[in-house]
Protein chains: 2
Amino acid sequence: MGTRRRGEELEQAILHAAAEELRESGYPGMTMDRVAARAGTNKNAIYRRWPHRAALGIAAYRHLSDVAMPKPDTGTLRGDALEMLRQANETWSSPHGAVLRSLLAAAADDPALLDLMRERSGADTMDRAWLSLLERAVARGEAPPTAVHQRVAATPMMLLRAEYAMRGIPSVADEVLIDIVDEVFLPLVRGRG
Amino acid sequence: MGTRRRGEELEQAILHAAAEELRESGYPGMTMDRVAARAGTNKNAIYRRWPHRAALGIAAYRHLSDVAMPKPDTGTLRGDALEMLRQANETWSSPHGAVLRSLLAAAADDPALLDLMRERSGADTMDRAWLSLLERAVARGEAPPTAVHQRVAATPMMLLRAEYAMRGIPSVADEVLIDIVDEVFLPLVRGRG
DNA sequence: GTTTGCAGGGTACTTGACGTACCCTATAAG
DNA sequence: CTTATAGGGTACGTCAAGTACCCTGCAAAC
């Protein structure tokens, strides 16, 4: 009873509560009052740690997310690329991805938040994964060395992202992923020979 | 003095006021009270016409936007593509584009609004313009006929969009546009031979 | 062991904004 | 001339962000 939580312990409790709220209600539904109530504390303790709701949202998302980057190795460039896209599609269409998208949407106006998001959304590791995938294809003689290029590597994910942005659907159809690989990514790799 | 505005006249006044607010303060800053005040009326008159803020936002955006689609014809595929991207970049980085982006961001959670947005964002006409640009390149012998493909046509704009989504910058650097054309679009077109 | 400062807790408040309710009045249609 | 309808004024109700105080337990310094 007398045991009043402090420091790290309380902080974790707040983050945990915020993460739960995020999962259940998305970012717009994550109100400070509800987080405080759920953590069994009050807004004071929250505002002492994070300057505003968005900061807490991002911190909570980070607390929620420790997704390992997939490292597909199917033996062909096409297989690897498809696998990467399928994994990403699954992640993005999961509740977890819904949280990410709703945070991104909320951060669209605020450059500072966008920065925080970018470094946490794993964009860099994602790019590296695609680059190494291309390098392996080059080693197998499947692709010209000039295909190993940052913008080429980023293209498929950007197309998938755009798909999500346009249609707000829960998930992108597999045919679209195949299309992205066969009609854009592979021709692009070939064309850089 | 006694002249009380009605019907069409009042509706236009409200839309005009809302559009101004959108331009000045973006969608988050467009509050119902301010629109009402600016239109010299009250919220009642607004809510009789639009069920909620988002509906008014979209209607106002539509009222604001009658941008003609550019039809570049520089004589080369590279020139046309770059010109298209530059025009788009200019539009998207203008106040007008800021409104569009802020509306899109706000609509990210709400599928119904996304639909309304999509039909107004001119995505279809945009795709047609890129397709005809590709067709002209084919006619000149600059590109293989198989390059005329919906997803190929949509790729450059999607990459530009993604650029805006990631970095919330006011405008994308010209080098990026050149990169998109030289490192992705042209190789892609070539690779489809 | 006592004091003192800091972090946690309770509560209430301010501010802005959406959306609604009511009631009065001008105006257009009959 | 009467009357239904739409515009206008104003005041709410509600919710949520963020702030202000003040009290109290804890823990380290003395």
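Below, read A as the first sequence line, B as the second, and so on, with proteins coming before strands; counting in each chain starts at 1.
- Nucleotide C/dT20 holds its C1' atom 18 Å from the CH2 atom of B/W50, rounded to whole Å.
- Here D/dG9 presents its P atom at 13 Å from CD1 of B/I46, a figure rounded to the nearest Å.
- The CE-C1' distance, from A/M30 to D/dA16, rounds to 12 Å in whole Å.
- Atom P of nucleotide C/dA7 and atom CZ of A/R49 are separated by 9 Å, given to the nearest angstrom.
- Here B/E21 pairs with B/R34 in a salt bridge; the nearest charged N to carboxylate O distance falls below 4.0 Å.
- Relative to the ring axis of A/Y27, A/R53 places its NZ or CZ within 45° and under 6.0 Å from the centre.
- A donor-acceptor contact under 3.5 Å is formed by the side chain of A/N42 with the base of C/dG10.
- Atom CD of B/E11 and atom C1' of D/dG7 are 14 Å apart (whole Å).
- Following rounding to the nearest Å, B/N44 (CG) and D/dC12 (C1') show an atom-to-atom distance of 13 Å.
- Taking for each of A/R48 and A/T31 the nucleotide of DNA chain D with the nearest heavy atom, the 5'-most of the two is the partner of A/T31.
- Minimum atom distance to the side chain of A/R53 is reached by D/dG18, of the listed D/dT10, C/dC18, D/dG18.
- Comparing atom distances between the A/D33 side chain and each of D/dG9, C/dC18, D/dA16 picks out D/dA16 as nearest.
- In the set D/dG7, C/dC18, C/dG9, D/dG7 carries the atom at the smallest distance from any side-chain atom of B/L10.
- Atom NZ in A/K43 sits about 16 Å away from atom P in D/dC21, given to the nearest Å.
- When atom types are taken as modelled, the side chain of B/S171 and the backbone of B/S93 share no donor-acceptor pair closer than 3.5 angstrom.
- The side chain of A/Y47 lies closest to D/dG18 when the candidates are C/dG19, D/dC21, D/dG18.
- Between the side chain of A/R192 and the backbone N or O of B/P187 there is no donor-acceptor pair closer than 3.5 Å.
- B/S25 places no side-chain N or O within donor-acceptor distance of the main-chain N or O of B/M30, the cut-off being under 3.5 Å.
- Whole-Å rounding puts the A/L56 CG to D/dG18 P distance at 10 Å.
- A close approach under 4.0 Å does not occur between any side-chain nitrogen or oxygen of A/T41 and OP1 or OP2 of C/dG8.
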